Amino acid sequence: MPNSLRPSHEATPAQGRQEGILVLNKVRAILDAFANDVTRAGPSEVAARIGANKSTTYRLLTSMERTGLLDRFPDGTFGLGLWLMELGSVVESRLDLRAIAEPELRTLRDATGLTAFLTVRHGRQATCISRLAGSNVDVLALRLGGVLPLYCGAGPRVLLASLSAEELEGYLAEAPFPPLTPHTLTAAEALRADAGRSRVSGYVVSLEDVTVGVGALGAPVRDASGDVIAAVSVAGLKHEFEGQALVKLAGRVRSTADRVSAAMGRKAPNADPGSPVSPGPAAG
């Protein structure tokens, strides 16, 4: 429809995006007010603090209450919701994990010359929360803050293997997955077998399933209850993950993951290292 004929009440996509940003800015201002200045406040006080009119502020407050961002108290005041506290504890635990793991990752990187990673599962993906670059040529796809699907890469496949049987089958029900390279494991049967090998050996070998010519090896990090909360991995050129070099790397990565696990409260070490995962097609 030509602009001259567009009804005055109809917002353009650009206007809609701008309005959405303005609303989010107001929501952020409300959260900041509760986080920094007051623990509980009524609509009038909140409106005055964020510089908005009372009716707009009240609508935002009630919407934020419905979504769990805020709680409403019997006297009509609002405060930060318990869901935000739960979310904050998750973020805090990940920050603690990163702070604990990075000295160990640095030692691992310095000992091997390989790039060291710490990844955590976020839904159906693995997110890199720490990356210490090695001395080799930088041909690695995963960056700090970057994501990979759980079915490819050493760290992501460690996290895939940590799923419960029910969660794993639910994930594999969507196979076959799109390959990143000709070596990517995409079939449910191959990934199920790979997860089984990982649980026995305590680590995953990834050969060219993310980037041709690149290999990686990862091991699980566990919390006090024994649940896998992250994966430590190293990556470099494929030839660095073959033969006796692979055996030595497996021991180093496993030991690093065990030390991080112990610092996170894990009492017992991971399973004793087994023989290296075969670098054939099933291992990626």
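The structure displayed is predicted, hence computed values, not measured ones.
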Which residues pass the side-chain hydrogen bond (donor to acceptor under 3.5 Å, both in side chains) test with R252, sequence neighbours left out?
none
Please enumerate all residues that pass side-chain contact (heavy atoms from CB on, under 4.5 Å) together with V158, with sequence neighbours excluded.
V204, P220, A231
A side-chain contact here means heavy atoms from C-beta on lying under 4.5 Å apart; do L105 and V232 qualify?
yes
Could you check whether any side-chain heavy atom of H122 comes within less than 4.5 Å of a side-chain heavy atom of V147, counting everything from C-beta outward?
no
Pairing residues for F177 by the ring pair (Phe, Tyr, Trp, His ring centres under 6.0 Å) criterion, not counting sequence neighbours:
Y151, Y171
Scan for salt bridge (charged side-chain N to carboxylate O under 4.0 Å, His left out) pairs involving residues 158-168, sequence neighbours excluded, and state none if there are none.
none
Check R157 with D209, please: is the shortest side-chain N to carboxylate O separation under 4.0 Å?
yes
Should R109 and L114 count as side-chain neighbours, where that means a heavy-atom distance under 4.5 Å?
no
Considering only residues two or more places apart or on different chains, which pairs with a residue in residues 54-68 satisfy salt bridge (charged side-chain N to carboxylate O under 4.0 Å, His left out)?
E65-R72
Looking at residues at least two apart in the chain, or sitting in another chain, which of them share a side-chain hydrogen bond (donor to acceptor under 3.5 Å, both in side chains) with S255?
none
Please enumerate all residues that pass side-chain contact (heavy atoms from CB on, under 4.5 Å) together with T77, with sequence neighbours excluded.
R40, F73, D75
Any residue meeting side-chain hydrogen bond (donor to acceptor under 3.5 Å, both in side chains) with K238, in chain and number order, not counting sequence neighbours
E208
Pairing residues for E189 by the side-chain hydrogen bond (donor to acceptor under 3.5 Å, both in side chains) criterion, not counting sequence neighbours:
none
By side-chain contact (heavy atoms from CB on, under 4.5 Å), which residues pair with D223, not counting sequence neighbours?
S225, D227, I229
Is L249 close to F241 at the side-chain level, that is, under 4.5 Å between some pair of heavy atoms?
yes
What residues, two or more places apart in sequence or in another chain, satisfy side-chain contact (heavy atoms from CB on, under 4.5 Å) together with T107?
none
Answer yes when R28 and D32 have at least one side-chain N-carboxylate O distance shorter than 4.0 Å, and no when they do not.
yes
So, using salt bridge (charged side-chain N to carboxylate O under 4.0 Å, His left out) as the criterion, who are the partners of R124 when residues are at least two apart?
E174
